[in-house]
Amino acid sequence: MATQATEATKTYELEIIVRKKKNKTNGNIFTTYAVKMKDGKWIETRFTQDVPKSKMPSAYSKIVVSHDMMNIDKRGKYPKLWIKGVESVKPLERPIEDLSQYFE
């Protein structure tokens, strides 16, 4: 019987912003998410239904996600980061120099 060595799963700490936006057609309020990439740019982020409401960030936060629980979808005009599972959420203080990212 051969034994296989399991390598430790790689985890990432991601900065995420949470914004409330209004739908232009019907006026409903919805939540959008964006993660700061290593080059300093923000990428739109979506969560699958597998992520429970208790693990969803509600404000500017740092989330811990394992490598196999996220992927980047490059099929559309702009890439999206899809997250299938979150290990932990830690709220952060909003940096003043990044406030221009929050307003359009």
Side-chain angles (χ1 to χ4, degrees):
M1 179 179 213
T3 59
Q4 294 179 340
T6 59
E7 61 181 55
T9 57
K10 192 183 247 188
T11 59
Y12 294 99
E13 285 189 350
L14 305 171
E15 281 185 53
I16 189 163
I17 57 173
V18 181
R19 294 185 286 186
K20 301 281 185 192
K21 289 191 173 185
K22 183 184 265 191
N23 189 325
K24 293 177 182 173
T25 56
N26 61 14
N28 291 342
I29 302 292
F30 63 98
T31 306
T32 64
Y33 303 94
V35 166
K36 193 174 205 177
M37 301 299 279
K38 65 182 176 182
D39 61 359
K41 294 182 181 176
W42 294 90
I43 185 172
E44 182 181 348
T45 303
R46 305 262 175 103
F47 292 92
T48 63
Q49 292 181 348
D50 299 333
V51 179
K53 295 283 184 196
S54 61
K55 294 285 189 169
M56 297 283 284
S58 59
Y60 185 67
S61 307
K62 188 167 279 206
I63 60 173
V64 177
V65 181
S66 66
H67 175 71
D68 58 340
M69 295 305 264
M70 63 181 180
N71 63 337
I72 295 179
D73 180 11
K74 295 182 180 178
R75 291 179 293 176
K77 184 176 181 181
Y78 300 106
K80 292 178 194 72
L81 175 67
W82 282 90
I83 296 178
K84 297 179 261 186
V86 176
E87 293 179 13
S88 66
V89 179
K90 180 182 145 194
L92 293 175
E93 193 82 20
R94 245 182 224 175
I96 298 297
E97 65 272 3
D98 268 356
L99 282 181
S100 63
Q101 295 285 336
Y102 296 96
F103 305 105
E104 295 174 5

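Treat the numbers as computed from the prediction; the structure is a model and nothing was measured.
Between the CE atom in Met69 and the CD atom in Glu87 there is a gap of 8.5 Å [rounded to 0.5 Å]. How far OG1 of Thr31 is from NZ of Lys21: 11.5 Å, rounded to the nearest 0.5 Å. Interatomic distance, Lys22 NZ to Asn28 CG, rounded to the nearest 0.5 Å: 9.5 Å. Rounded to the nearest 0.5 angstrom, Thr45 OG1 and Ile17 CD1 are separated by 9.0 Å.
When all heavy atoms of Phe47 and Pro57 are compared, the closest pair comes out as CZ-CD, 3.8 Å. Minimum heavy-atom separation, Pro91 to Val89: CD-O, 4.1 Å. Counting all heavy atoms, side chain and backbone alike, Glu15 lies closest to Leu92 at CG-CD1, 4.3 Å. The two residues Pro79 and Ile72 make their nearest non-hydrogen contact at CB-CG2, 4.0 Å.
Tyr33 places none of its side-chain heavy atoms less than 4.5 Å from the side chain of Ser61.
Under the 30°/60° scheme for interplanar angles, the aromatic rings of Tyr12 and His67 are found to be tilted.
In this structure, Leu14 is not a member of the same hydrophobic cluster as Val64, with clusters built from ILVMFWY side-chain heavy atoms closer than 4.5 Å. Residue Trp82 is not grouped with residue Ile16 when hydrophobic side chains (ILVMFWY) are merged at heavy-atom distances under 4.5 angstrom, including chains of intermediate members.
For the side-chain contact (heavy atoms from CB on, under 4.5 Å) criterion with Met70, the lone passing option out of Thr48, Ile83, Ile63 is Ile83.
With sequence neighbours left out, Glu44 forms a salt bridge (charged side-chain N to carboxylate O under 4.0 Å, His left out) with Arg46. In this structure, the side-chain hydrogen bond (donor to acceptor under 3.5 Å, both in side chains) partners of Asp73, at least two apart in sequence or on a different chain, are Arg75. Here Asp39 pairs with Met37, Lys41 under the side chain to side chain contact (heavy atoms under 4.5 Å, CB included) rule; sequence neighbours left out.
More than 12 heavy-atom neighbours from other residues, nucleotides or ligands sit within 6.0 angstrom of CZ on Phe30.
In this structure, the side chain of Ser58 does not engage the main chain of Met56 through any donor-acceptor pair within 3.5 Å.
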